[in-house]
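Notes follow the structure.
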Amino acid sequence: MSLEKFSYDNRTVKWFAYAATFWGLIGMLAGLWIALALAYPPLNLGYAPTTFGRLRPVHTNAVVFAFVGNGIFMGVYYSLQRLCKARMFSDLLSKLHFWGWQAIIAGGALTLLLGYTTGKEYAELEWPFDIAITVVWLIFGANMLGTILRRREMHLYVAIWFYIGTWVAIAMLHIVNSFELPISLFKSYSWYAGVQDALVQWWYGHNAVAFFLTTPYLGLMYYFIPKAANRPVYSYRWSIIHFWALIFIYIWAGPHHLLYTALPDWAQSLGTVFSIMLIAPSWGGMLNGLLTLRGAWDRVREDAILKFFVVALTCYGMATFEGPMLSLKNVNAVSHFTDWTIAHVHVGALGWNGFLTFGILYWLMPRIFATQLYSRKWANAHFWLGTLGIIFYVIPMYWAAFTQSMMWKEFTAEGQLKYQFLETVTTIVPMYALRAVGGMLYISGVALMIVNLVKTIRSGSFVADEPAEAAPLPKVAAVTHGKAHWHNWIERRPLQMVAFSLVVVAIGGIIELIPTFLVRSNVPTITSVKPYTPLELHGRDIYIREGCYTCHSQMIRPFRDEVARYGEYSKAGEFVYDHPFQWGSKRTGPDLARIGGKYPDSWHYNHMLDPSSMSPGSIMPSYPWLMDDRVDKSATPAMINAMRKLGVPYPHKYELMANADMEKQAKEIAASLKKDKVETPPDREIVALIAYLQRVGRDIKEAPAKTAMK
Amino acid sequence: MKFINYLQSITGVSVYPLTSLLLFTLFFTVASIWAFRADKGMMDHVSRTPLDHDDSQSL
């Protein structure tokens with residue numbers, strides 16, 4: 001058969017490689033900054049965009065969607081073309097994909113710094129970006145599927161299945177989680193409330209880890225490790241089971257982020273069971289990767305690329321063993337809300353995603369520039385800097401987590417809590433400093449890589465269109481029907497693959513979400529829980545804008561120490577008007593679920609102005625701009641209307657009188673502040689925030705006699 | 001637009017986790033049987049796809 005001549009597009013691969021490196025550095029530096037700010041709070045600079053609450057989403061979004069995202073696209077655009085023996089479907093779509101994604105990242109970072117956020121972790125970008133992400137994702141999908149349909153290789157190699165599964169699952173997760181009602185250009189409210197919002201968010205959040213940080217990188221692993229080791233994957237059969245089992249199980253495990261919360265028990269158990277089952281496919285995949293290196297271990301000693309891959313797989317194995325352990329309720333009782341979670345995700349992010357990306361960059365860049373790597377010695381130095389960085393990062397975090405969790409739970413012989421919350425924080429501040437050292441080591445390794453790659457690029461000449469040739473696909477399959485493997489049915493037909501992947505991931509989503517969505521008894525209503533007043537609603541928006549949820553939870557678990565420290569444990573019915581929910585996932589500061597009425601208004605005013613004046617040793621940033629900025633009254637009617645559309649029972653035409661109510665409540669708070677010698681005009685943001693904080697968790701506190709479960 | 005809980009209750013909601021476990025077990029068993037009955041020659045062939053073309057210049 002005659003061979004067809006064509007060329008591989010290396011230009012798009014190069015762009016994505018540059019973008020991954022650039023955004024990776026930015027994202028990591030943002031992480032380093034906030035790590036240092038936790039050890040040394042003046043680094044918050046007293047300026048809104050540089051406070052922890054706004055920089056933390058920039059860090060997480062940059063690392064997840066910009067560093068890893070561009071890393072995925074770099075690897076997919078390189079490997080897909082070669083696995084399909086075809087150029088990418090459309091150069092135009094490649095270009096649109098690249099620039100669209102970079103525009104989303106740049107715009108997203110800017111708006112997050114300005115305080116535009118949905119307040120849902122890892123999905124913080126506001127509604128215009130959600131639409132843009134959908135569009136760019138469709139462009140990516142069209143380009144990928146187009147390439148697959150035009151392929152010159154009959155079989156879809158397992159890496160491509162992972163790419164397809166990723167594409168399908170992320171599309172589903174992103175769309176379901178992003179239902180929101182816009183009230184202005186950059187502000188919206190989540191369609192879901194309270195428990196349901198929490199379930200959807202963590203179904204999304206967990207699977208963002210699964211299908212953005214894991215499955216596409218497993219696809220890359222199945223391509224680049226065989227390439228670097230120059231031998232086929234250890235067991236192709238395992239990879240088939242690995243793929244289907246992983247995408248099937250992963251989607252169910254979301255509720256393990258919500259153990260001991262107000263989420264219904266059966267949903268929590270479902271999350272635990274499937275999380276434990278996840279060990280099997282995860283470790284199967286890890287071993288498959290490691291065993292691919294059988295007979296090549298002598299090269300691992302020399303070759304920095306293989307070293308990066310081995311540590312990446314080891315970290316993947318550790319994180320995927322730790323994850324299921326953290327899903328056990330008894331372990332979760334200790335780990336949740338502490339730095340254990342932070343340690344866990346960084347084993348994954350720094351080890352698995354980071355090291356795999358670096359290995360691929362070192363392998364790929366010299367090839368597309370037709371040269372040799374500038375310095376192997378530097379690559380090895382990078383490997384050790386990175387490895388030490390990970391160790392110095394995670395050990396202090398584990399240490400901090402165990403220390404703090406034990407301190408939280410310790411009672412004196414008299415039955416009193418032994419430690420104030422603040423004491424548990426000041427004890428672990430040295431660990432925060434040590435963690436920043438780990439981060440610095442890791443980033444210095446990345447800097448060394450950048451210099452190495454720049455020098456490599458300068459020594460080579462870029463091959464934008466790499467010539468290739470292959471025979472076209474025969475019209476009729478060569479394999480006789482009787483001998484054809486069952487999997488051919490899907491494996492040779494990408495569209496079946498898409499459909500089947502969607503069915504598999506949708507099953508878990510449907511079984512998990514439907515009962516909680518449709519069944520009223522899952523969220524028992526509490527009659528004393530009333531909608532927020534307009535001023536409280538503004539205060540809540542400020543709470544979300546400043547990213548308070550990044551450090552404060554609003555979810556008291558039914559533990560003796562938590563009830564003693566914070567008050568009555570949280571009930572599902574308390575959150576029915578919370579669009580979005582604000583349960584949080586980390587307690588760098590104390591839980592706020594029952595903060596309402598705990599302190600006088602003036603305490604909050606002084607605390608927001610200078611936290612250490614009220615809590616000496618506090619590491620919370622100060623928020624001086626809240627004392628000067630005015631509440632945007634013009635937004636009130638739109639806020640009320642939106643909330644009513646979402647089901648919050650504000651009376652008919654209430655939006656017309658909402659501002660009058662708001663002014664009245666603000667004046668009362670200003671008067672109460674004045675009694676404590678704090679002078680502030682009632683239209684300032686701090687007044688709204690105080691109104692909200694004084695309301696949180698109060699409804700069932702104030703009317704226990706009236707509380708009734710329907 | 002309003003979010004509505006359409007049902008009052010599902011009798012024995014605990015049937016959901018059980019169903020899911022059963023679904024997975026069936027799925028996993030079928031996938032495993034199929035994978036291990038696959039033709040060896042074909043498996044070897046497919047697993048060599050990444051190594052097919054020549055860009056394996058050494059560093």
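To find a chain, count down the sequence lines: A is the first, B the second, and so on, and within it residues start at 1.
Heavy atoms of A:Phe274 lying under 4.5 Å from chain B belong exclusively to its side chain. Looking at A:Val504, the atoms closer than 4.5 Å to chain B (heavy atoms on both sides) all sit in the side chain, from C-beta outward. Residue contact with chain A, scored on non-hydrogen atoms closer than 4.5 Å, involves the backbone and the side chain of B:Phe24 alike.
Remark: A:Tyr189 pairs with A:Asp541 by the side chain to side chain donor-acceptor pair (under 3.5 Å) rule, at least two apart or across chains. With sequence neighbours excluded, no residue forms a salt bridge (charged side-chain N to carboxylate O under 4.0 Å, His left out) with A:Lys377.
Using modelled atom types, one finds a donor on one side chain and an acceptor on the other under 3.5 Å when comparing A:Ser190 with A:Asp197.
The aromatic rings of A:Trp252 and A:Phe248 sit tilted relative to each other, their planes meeting at an angle between 30° and 60°.
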